[in-house]
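Only this structure's heavy atoms are used, side chains among them; waters, hydrogens and symmetry mates stay out. In what follows, chains carry the letters A, B, and so on, assigned in the order in which the sequence lines appear, proteins first and then strands, with residues in each chain numbered from 1.
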There are 2 protein chains.
Amino acid sequence: MTNRKVVSFENIKVACKNCSLSTLCLPMGLSSEDVERLDSIIKRGRPYHRGDHLYRGGDKFQSLRVITSGSVKTYSPNEDGGEQVLGFHLPGELIGLDAIQDDHHNCSAVALETTAVCEVPFSQLESLSSLMPSLQHQMYRLLSREIGQETEMLTLLGKKSAEERLATFLLSFSERFKQRGFSPSDFFLSMSRHEIGNYLGLAVETVSRLFTRFQDEGLLHVERKHVQLQDLPRLYDIVQGADSIKSTQSRG
Amino acid sequence: MTNRKVVSFENIKVACKNCSLSTLCLPMGLSSEDVERLDSIIKRGRPYHRGDHLYRGGDKFQSLRVITSGSVKTYSPNEDGGEQVLGFHLPGELIGLDAIQDDHHNCSAVALETTAVCEVPFSQLESLSSLMPSLQHQMYRLLSREIGQETEMLTLLGKKSAEERLATFLLSFSERFKQRGFSPSDFFLSMSRHEIGNYLGLAVETVSRLFTRFQDEGLLHVERKHVQLQDLPRLYDIVQGADSIKSTQSRG
DNA sequence: AGATAATCTTGATCAGGATCAAGTCATTTA
DNA sequence: TAAATGACTTGATCCTGATCAAGATTATCT
């Protein structure tokens, strides 16, 4: 070890270079010196508890946030008092990108369970990205990826049946858990049925009925928030708009 | 003529500094020197005709494009041969941002009428933005704004009634035409009813019926693609989820 | 111009999923 | 441990908007 850097901050537990999430997060593709420069602007606060807000719509935008553990729901309050759930975010994911445009948050973010985040002061990140082309490039990519993800969601909400929506939702978590080294077929969902429904543009009752139906059909086992996917291929078929459950196994 | 090379005047008639769209477009907020540097990398090709593709899903991503006249539809082909319309784009709007993430286009863009665009080679733009913090900032803002716009669309598709969707659609055009110095209440829509329906997650027939109903209710006059909005305040009421048409004027 | 093909409108019927209503199960609190 | 509260499930009914079908209008082509 040539570099013996003494760090004086008291609450730093994790540095980017040691963080298992670096391949999903901002440092992706950065050289190790660059990672250190990035690391130097990142703040790590104490964890949020279930229900705590990371920020609320209208707050001044200061920092992007990367979830490091736990999970977060983002939502925007709509006119009539209700809310639209915009996304569920897992470790390694960046939130707050939508706030860059006008320097304040347009939506709110709330912890769904005990959650830790890295805060990245945006003005510093911006300055740094001017000096580091690879960081700038990574920022462009991340912003663009966010657009692409929302585009997929538009297709989901515009065209897909309830069944396709829930299957897509479940497989999205399956893939994201897998990326993070967890089981792609056995996991806990940290959000309520109500929140799932809101996110997918469905009523709670529909979500509940679909879980039951998927279970009856042997696609999965579900008990409260614990989901075990038992037939990934058929779930993928459903996502692709293949025949509905009924016809898939008609007269076996 | 000092210049012996004969240049098609399509190619040279606009420079950023003279372009009326600069307040909507990339140069927004740039100093005049910076605008010139930006201008130097921008290519202006000959116009596209109705139905011509600017790019298709799968194409290698080279350039962002700014519409300078006409209009463009972006869409992504989905599994079953159909398409999902992602947006309609007017002069001053930037398309292709979703392609940055993995260097190729995920969706297609087609001219809805005779359309001119500026092409902005992305790798050059990226280099330039490293040298020009104000350009970098503008890029972040534009990307972020795109995310915010898609977020609004998610809310539209997730929660709104057919009536609210069409009213929102019409007012979006109203506002965008107004921004561009055109009438906010008298304009031509360049896309078909089918495309409107696809974009809004509605069947063609529903769109057609809504136009008829809106007209019957005195909200607008419509004849084919020519729309005249006659009661903007009530359209805004509808967007906000206020009472539907029927109850708004019950027992007038 | 006349023929043909799209596009759009209108009407009739259908169905997916919302809403309403009730009951069950889990978790928290006292 | 019981009561209270909130989350989830299940059933019955309703309604919005899809689909099917036909006709009208407009655009395209030779």
Output yes when A/K73 and A/E83 qualify as a salt bridge under the 4.0 Å nitrogen-oxygen rule, no when they do not.
yes
Rounded distance in Å - CZ (A/R50) to P (D/dA7):
8 Å
Base, sugar-phosphate or nothing for A/K159? Non-hydrogen atoms, less than 4.0 Å.
nothing
Side chain of A/N198, backbone of A/V85: donor and acceptor closer than 3.5 Å?
yes
Has A/R65 got its NZ or CZ under 6.0 Å from the middle of the six-membered ring of A/Y55, at an angle within 45 degrees of the ring axis?
no
Name the nucleic acid region contacted by B/S192, choosing base, sugar-phosphate or nothing; use a 4.0 angstrom heavy-atom cut-off, strictly under.
sugar-phosphate
Using distance alone, with no hydrogens and no angle criterion, decide if B/S76 and B/Q84 have a side-chain donor and acceptor under 3.5 Å apart.
no
Output the residues of residues 193-204 of chain A in contact with DNA chain C, where contact means a heavy atom of the residue under 4.0 Å from an atom of the strand; sort by number or write none.
A/G201, A/L202, A/A203
Return yes when atom NZ of A/K178 has more than 12 non-hydrogen atoms of other residues, nucleotides or ligands closer than 6.0 Å, and no otherwise.
no
With side chains defined as the heavy atoms from C-beta onward, is the minimum distance between B/F211 and B/L170 less than 4.5 Å?
yes
note: A/R165, atom CZ; C/dG17, atom P; distance rounded to Å ~ 7 Å
Please report the distance, rounded to the nearest Å, between CE in B/M191 and C1' in C/dT7.
15 Å
In whole angstroms, how far is the P atom of D/dG11 from the CZ atom of A/R213?
14 Å
Electrostatic pair A/R180:A/E93 at N-O distance under 4.0 angstrom:
yes
Answer yes if the side chains of B/H53 and B/S108 hold a donor-acceptor pair under 3.5 Å, and no otherwise.
no
Do B/R209 and C/dG11 share a donor-acceptor pair, side chain to base, under 3.5 Å?
yes
I need the CG-C1' distance between A/L210 and D/dC8, as an integer number of Å.
14 Å
Looking only at D/dT10, C/dT9, D/dG17, the nucleotide nearest the A/E205 side chain is D/dT10
Does A/K225 place a side-chain N or O at less than 4.0 Å from the phosphate oxygens OP1/OP2 of D/dC8?
yes
Tell me the interatomic distance from B/E164, atom CD, to D/dT16, atom P, rounded to whole angstroms.
12 Å
B/R176 to B/F173, cation-pi by 6.0 Å centre distance and 45° axis angle:
yes
Rounded distance in Å - CG (B/L166) to P (D/dT16):
17 Å
Got a list of protein N/O to nucleotides 23-26 of chain C N/O distances below 3.5 Å?
none

Would you indicate, yes or no, if D/dT16 has its OP1 or OP2 atom less than 4.0 angstrom from a side-chain nitrogen or oxygen of B/T206?
no
